[in-house]
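Reading through the structure tokens given below for one structure.
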Amino acid sequence: MKKAIGVYLLLQAVIRGGCLFLSLKSEESSLPIVVLITSVLLIAGAMYMVVLTFLDKARLRQLSRFFVVLMVVTVFNIVFMFFQPVEMIPTDSWVTGNLFDLLMAGIILFYLTRQKYYIRAKYVSNPVQPQQDNQTASGQKARPTV
């Protein structure tokens, strides 16, 4: 499942980076510098997590922290843009983040927190034989002593 999360983060970073590039090239968009900086930091963090994921060095705690940061930054960008009198083009919503990002990050975060509670069993090739009951000479079971 970590590979699927890595692919999702890669797609998220590529789409967000492409929309950021289009937003910077467009004359219609005028995103505040705070939103641009947080978006660039999220893209860099996502790419770092993608590299860790594909090298099998990503831990559940690291992925969980990244998705918490993603949710916090997305909420910050949405609230910040709500109070700014800036007209947005459609690609700007991918740069700032949207409710879909919050929903997906919440689902993945829920999955990651639940995954650490699973028990992994190990198959043992030589099982221990159960002990036979203690029997007396008459064939009856001996009473346990207290």
Side-chain angles (χ1 to χ4, degrees), residues 1-135 141-142 144-146:
M1 187 65 179
K2 284 184 185 179
K3 298 290 183 188
I5 292 172
V7 170
Y8 169 73
L9 286 175
L10 181 63
L11 289 174
Q12 177 104 7
V14 167
I15 291 171
R16 191 175 288 229
C19 290
L20 180 65
F21 178 74
L22 290 175
S23 177
L24 291 175
K25 289 292 241 180
S26 173
E27 295 177 3
E28 299 172 5
S29 176
S30 57
L31 288 174
I33 193 73
V34 174
V35 173
L36 295 176
I37 290 173
T38 57
S39 295
V40 168
L41 291 176
L42 276 181
I43 292 169
M47 292 307 291
Y48 176 72
M49 292 309 296
V50 166
V51 169
L52 284 181
T53 301
F54 286 123
L55 293 177
D56 288 332
K57 294 187 179 190
R59 296 187 176 163
L60 294 178
R61 181 173 288 162
Q62 291 172 327
L63 287 170
S64 298
R65 286 180 184 163
F66 176 76
F67 280 106
V68 168
V69 168
L70 176 71
M71 290 175 71
V72 168
V73 169
T74 302
V75 168
F76 170 77
N77 284 343
I78 290 172
V79 170
F80 188 79
M81 290 302 294
F82 180 74
F83 292 111
Q84 294 294 319
V86 176
E87 189 159 332
M88 293 176 58
I89 60 176
T91 58
D92 288 346
S93 68
W94 282 99
V95 175
T96 59
N98 48 30
L99 293 177
F100 178 74
D101 292 336
L102 291 175
L103 178 68
M104 287 301 294
I107 290 171
I108 292 172
L109 188 62
F110 177 76
Y111 168 76
L112 289 174
T113 55
R114 294 294 297 166
Q115 187 178 5
K116 71 179 180 181
Y117 295 116
Y118 293 144
I119 298 173
R120 293 187 172 91
K122 183 179 178 183
Y123 179 74
V124 179
S125 61
N126 294 329
V128 179
Q129 297 293 332
Q131 294 181 356
Q132 294 182 358
D133 295 334
N134 296 336
Q135 292 185 355
K141 292 184 180 178
T145 56
V146 181

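Ring orientation note: the planes of Trp94 and Phe100 are nearly perpendicular, at an angle over 60° on the 30°/60° scale.
Taking CZ from Phe67 and OG1 from Thr74, the interatomic distance works out to 10.5 Å, rounded to the nearest 0.5 Å. With rounding to the nearest 0.5 Å, the separation of CZ in Arg114 from CG in Leu60 is 13.5 Å. Here CG of Leu10 is found 9.5 Å from CD1 of Ile15. Values are rounded to the nearest 0.5 Å. Residue Met71 holds its CE atom at 12.0 Å from CE of Met104, rounded to the nearest 0.5 Å. How far CZ of Arg16 is from CE of Met47: 13.5 Å, rounded to the nearest 0.5 Å. To the nearest 0.5 Å, atoms OG1 (Thr96) and CG (Leu20) are separated by 11.0 Å.
Between Asp101 and Gln12 there is a side-chain heavy-atom pair separated by less than 4.5 Å. Residues Leu52 and Leu63 have side chains not in contact (no heavy-atom distance under 4.5 Å, counting atoms from C-beta outward). Residues Met81 and Leu31 are in side-chain contact: their nearest non-hydrogen atoms beyond the backbone lie under 4.5 Å apart. Contact check for Leu103 versus Leu99: no side-chain heavy atoms found under the 4.5 Å cut-off. Taking the side chain as every heavy atom from C-beta outward, Leu102 and Val75 approach each other to under 4.5 Å.
Annotation for Ser26 and Ile89: closest pair OG-CD1, 3.9 Å, computed over non-hydrogen atoms. Annotation for Val50 and Gly6: closest pair CG2-O, 3.5 Å, computed over non-hydrogen atoms. Residues Ser23 and Asp92 share a closest heavy-atom pair of OG-OD1, 2.8 Å.
In terms of the ring pair (Phe, Tyr, Trp, His ring centres under 6.0 Å) criterion, residue partners of Phe80 (sequence neighbours excluded) are, by chain and number, Phe76.
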Compile the donor-acceptor pairs under 3.5 Å between side chains in residues 38-45 and protein atoms, sequence neighbours left out, one pair per line.
residue: Thr38; atom: OG1; partner: Val34; partner atom: O; Å: 3.2
residue: Thr38; atom: OG1; partner: Val35; partner atom: O; Å: 2.9
residue: Thr38; atom: OG1; partner: Asn77; partner atom: OD1; Å: 3.1
residue: Thr38; atom: OG1; partner: Asn77; partner atom: ND2; Å: 3.3
residue: Ser39; atom: OG; partner: Val35; partner atom: O; Å: 2.9
residue: Ser39; atom: OG; partner: Val95; partner atom: O; Å: 2.8

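Shown here is Phe54, whose CZ atom has more than 12 heavy atoms of other residues, nucleotides or ligands within 6.0 Å.
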